[in-house]
Amino acid sequence: MPSGPLKGRIRVPGDKSISHRALMLSALAIGESTITGLLEGEDVLATAAAMRAMGADIVRGDDGTWRVHGVGVGGLLQPEAPLEMGNSGTSTRLLMGLIASHGITASFTGDASLSGRPMGRVITPLSQMGADISSAPEGRLPLILRGMSPAIPITYRLPVASAQVKSAVMLAALNTPGITTVIEPVPTRDHSERMLKGFGADVEVEEVEEVDGERVIRVRGEVDLQPQTIEVPGDPSSAAFFAVAALITPGSEITIENVGLNPTRAGLFEVLRQMGGSIEEIDPREVGGEPVADLLVKHSALKGVAVDPALAPSMIDEFPVLFVAASVAEGRTTTSGLEELRVKESDRLDAMAKALELVGATVAQQEDGLIIDGTGGEPLAGGGPATTHLDHRIAMSMAIAGLASTAGVEVDDTSPIATSFPNFERLLTSLDSK
Ligand code: S3P
């Protein structure tokens, strides 16, 4: 672990959400798609293995370019063995959507973390479309999904702000006759919409003006997808750890290259700026249909803020590391409207409250958020071991907390980091200026 200021330039791995979608859509197009910058973490590799098991030809070249020959919309084959989803909620929920409108049966298994997460949120709309799904009690994994072809187009209003549920229905719609409609009351990440349009799908997004942010998404099914060349931008959720690391470590100045800054993902950077963080966007440009820039981040004296709950969907995965920043800011940071954090890879409100308290932070846990009184720039005591609960973002957040502590922070299990950010430790060490 670095012990001095962080200095230098890094490039974080490809975006996880975009990587999953790139593999899935390429596997449905007829012809060869190529993908560069794909995140080669365990979650995305689980998606690749599942698409292979259903007939796609997916090969990684020595230069890191992935080549995918798809089976065509409606062409997925019956997998011979259960689809092993590991820790990946995105793989599970999106693939359930894809399979729901194919006349095949698949079973899904996952690790202890994934097996505790709610799948009822996708089981409900996919059952309405005709899929027959039997799961462990309370809609958990393992489950068996028998798809229906032809499936039934539905209109579905999302009861939770979830891009995974939205995407599951949109993916099911691809092989469903007619128009399937998803209404999202609050905008969530829109990578599926963007990429589906790029592949030539018939997708229409209507912003409903009178209602704040509500969007109606219509997908007309049974349209062929055209193979694409996809460049995956860097993952803002991975860049987040390094942005906070540089902000809270005195003397730091780093550049994080090629960070995806889709407005439905970039909420953390806005909040960190509100806290007084110096984060500059250099050379804004487009990569793979997504806005991207290099981020120049300098150590800053941070102040606590009341985080606007309306920003939550655009930074839903970044709260653990925001809590770390808040722990060493001056004054109080309050967060609310974060019930969804309780059903991520772990209960992230509880896990972060306990881990941060263990290393000396002042945290009050509420039903829907944390209230944190920061040290005003003083280091935390440190110690541990912090319990990660098979959650990569808890492990990485607490590693970053260690940078702003006197004794360092011990983390009980770093293995989950490989699900989304295999070279995290190496990149962090590479920024050590000592
Ligand atoms: C994701 C959506 C979010 C996010 C997850 C990735 C996606 O989950 O937390 O890491 O790729 O669609 P929810 O849909 O549960 O909010």
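Order of listing sets the numbers, starting from 1, for every ligand and every atom in it. The residues of the chain are indexed from 1 along the displayed sequence. Only heavy atoms go into these numbers, but all of them, side chains included; no hydrogens, no water, no symmetry mates.
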Do side-chain atoms of [X] reach the backbone of [Y] as a donor and acceptor pair under 3.5 angstrom?
X: Arg215; Y: Glu184; answer: no
X: Lys16; Y: Asp235; answer: no
X: Glu281; Y: Asp294; answer: no
X: Asp190; Y: Glu193; answer: no
X: Arg21; Y: Ser17; answer: yes

Nearest neighbour of [atom] from the list [options], on a heavy-atom basis:
atom: atom 12 (O) of ligand 1; options: Lys166, Arg21, Lys16, His392; value: Arg21
atom: atom 14 (O) of ligand 1; options: Ser162, Ser420, Ser91, Ala312; value: Ser162
atom: atom 13 (P) of ligand 1; options: Glu340, Arg93, Lys344; value: Lys344

Give yes if a backbone or side-chain nitrogen or oxygen of [X] is under 3.5 Å from a nitrogen or oxygen of ligand 1, and no if not.
X: Ser167; answer: no
X: Ala163; answer: yes
X: Arg117; answer: no

Close-contact set for ligand 1 against Asp317 heavy atoms, below 4.0 Å: 4 (C), 5 (C), 9 (O), 10 (O)
Contact atoms of ligand 1, heavy-atom distance to Ile316 under 4.0 Å: 9 (O)
Answer yes or no: is there an ion pair linking Asp347 with Lys354, defined by an N-O contact shorter than 4.0 Å? no
Working note: Thr65 + Thr34, criterion side chain to side chain donor-acceptor pair (under 3.5 Å); need CA distance, chi angles, decisive distance, verdict. CA-CA 7 Å; Thr65 301; Thr34 58; over 6 Å; no
The closest protein heavy-atom partner of atom 11 (O) of ligand 1 is Ser17 OG, 2.7 Å
Answer with side chain, backbone, both or neither: which part of His191 has a heavy atom less than 4.0 angstrom from an atom of ligand 1? neither
